[in-house]
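Remember, predicted model here, so these are calculated numbers, not experimental data.
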Amino acid sequence: MAISNAMVIGGGIGGLATAACLSRRGMAVTLLEQAPVISEVGAGLQISPNGMAVLRAMGLEPQLKARSAVRGEAVVLQDYKAGKQVARLDLMRGQADHPYMFMHRADLIDVLFGAAKRGNVSIELGLQSDACLPGPLPQVKLADGTVRRAKLIVDATGIHSKTRAQLNGAAKPRFSGQVAWRAVVPNAFNHPNEAHVTMGPGRHLVSYPLRGGKLVNLVAVEERSDWAPEGWSIADDPANLRRAFDGFGGRAGEMIAAVERCTLWGLHLHPVAETWHQGGVALVGDAAHPTLPFLAQGANMALEDAWVLADCVLNAPEEQALQRYQNLRKARAQRVIKAAAGNAARYHLQPGIKRSVAHTGLRVASKLVPGAMIGAFNWLYHHDVTAKN
């Protein structure tokens, strides 16, 4: 192991996972986080089998189950008017060794935080980084003017990463013409252990249970021309959500009516970074490849990045490690982002012949060749970055 120490910037899923993966095999790691505490509130996420492979290899699967993470049994596509089923992708079909889990983001953050602490990661809070400077001994310049140095610096600060801009030039994200509301409501609706995608004209609602079925996570996406800022924590009036999804019936309509607090964020398109590393500085997660939420892969890609980066740094020659990491991850990130971007159009079809034909095709395929429907995602879900080739 040529690289003896590392500094990770950002205490989200990608940063904590990277710190824990590096430290679990003996590297001295320091994690810097600008917030005064490491926490996450009010949101759920889907960890598909490719992400669970990393958490399992880290020994964290039992802890997630102890926190009442819910095993997903299916992804169900349904019509917006009354919730009539269009198609069902059985996540249990031949998938015994590939669990698909629904969990609260705060629970995953807490479990990863615990893993980092057990790995003796030095965690420093309330420190905002200003710039990462590549070089023989890369540096992190903090907002207070002080400088930190380490053999490896990993930027896991997300879509607004300053390091990404340093390595690739200023980002030019493009508003996708879509916005998303996020909310959590009590599960008074007997929501099954499934992810439901309720499809309507120009909009869709994703719902799934959290914390043993006590809560339901909602993500509601609408096409619109009005620009909206990019950020997950901007509060919005639930009346705006209800107005946008007026006409959604069945369980979907009931859940939207129950929302008391929600956030709204504009969905913006970012290219995958051309350069992921330079002079001992590397990007992970959304800092390298922000993705739209239509394939539920943001957290999963960050977990994959964390494992692969640590494996390359700990096992490849120092001068090859970061380029190997980029080579292993870049094409997959591009494929995932392209697939995610394509899903919105399929969910948002307007009433008419095209919608009728598409939904009929989904119904027929779901009944006649159910294995083929879930099998179409094997490239994504069965990709195990922890497997030894």
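Minimum interatomic distance between C21 and M58 (heavy atoms only, all atoms of both residues): SG-SD, 3.8 Å. The two atoms that bring P201 and Y80 nearest to each other are CD-CE2, 3.4 Å, heavy atoms only. Smallest separation of non-hydrogen atoms from A195 and F102: N-CZ, 3.5 Å.
Not counting sequence neighbours, the partners of R243 by the side chain to side chain donor-acceptor pair (under 3.5 Å) test are N240. For R211, the salt bridge (Lys or Arg N to Asp or Glu O under 4.0 Å) criterion is met by D107, not counting sequence neighbours. Remark: R332 engages E304 in a salt bridge (Lys or Arg N to Asp or Glu O under 4.0 Å) (not counting sequence neighbours).
Looking only at side-chain heavy atoms (C-beta outward), M103 and V111 stay at 4.5 Å or farther from each other. Proximity of R224 to V179: side-chain heavy atoms (C-beta onward) are separated by under 4.5 Å at one or more points. You'll find the side chain of F377 reaches within 4.5 Å of the side chain of L295, heavy atoms only. At least one side-chain heavy atom of K162 sits less than 4.5 Å from a side-chain heavy atom of D130. Using a 4.5 Å cut-off on side-chain heavy atoms (C-beta onward), K214 and S68 make no contact.
Under a cutoff of 6.0 Å and an axis angle of 45°, R329 and W276 do not form a cation-pi pair.
A side-chain donor-acceptor contact under 3.5 Å links R251 to the backbone of F189. Here the side chain of S176 pairs a donor or acceptor atom with the backbone of L267 at under 3.5 angstrom.
Classified by interplanar angle (parallel below 30°, tilted 30° to 60°, perpendicular above 60°), the ring pair H348/H204 is tilted. Under the 30°/60° scheme for interplanar angles, the aromatic rings of F245 and W181 are found to stand perpendicular. Ring orientation note: the planes of H98 and H382 are close to parallel, at an angle under 30° on the 30°/60° scale. Taking the six-membered ring where tryptophan is involved, the planes of H268 and W227 are perpendicular, since the angle between them exceeds 60° and thus also 30°.
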Would you be so kind as to tabulate the donor-acceptor pairs closer than 3.5 Å made by side chains of residues 362-369, with sequence neighbours excluded?
| unit_1 | atom_1 | unit_2 | atom_2 | d |
| --- | --- | --- | --- | --- |
| S366 | OG | R88 | N | 3.0 |
| S366 | OG | R88 | O | 3.3 |

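Taking Ile, Leu, Val, Met, Phe, Trp and Tyr as hydrophobic and joining them when side-chain heavy atoms fall under 4.5 Å apart, one finds I234 isolated, its cluster having no other members. As a member of the Ile/Leu/Val/Met/Phe/Trp/Tyr network built from side-chain separations under 4.5 Å, V140 groups with M7, I9, L32, L127, L142, I153, V281.
In this structure, Y347 has its ring center no closer than 6.0 Å to that of F294.
Under the side chain to side chain donor-acceptor pair (under 3.5 Å) rule, S161 has a single partner from D286, D155, N168, which is D155.
Judged purely by distance below 3.5 Å, without hydrogens or angles, the side chains of R346 and N343 pair a donor atom with an acceptor atom.
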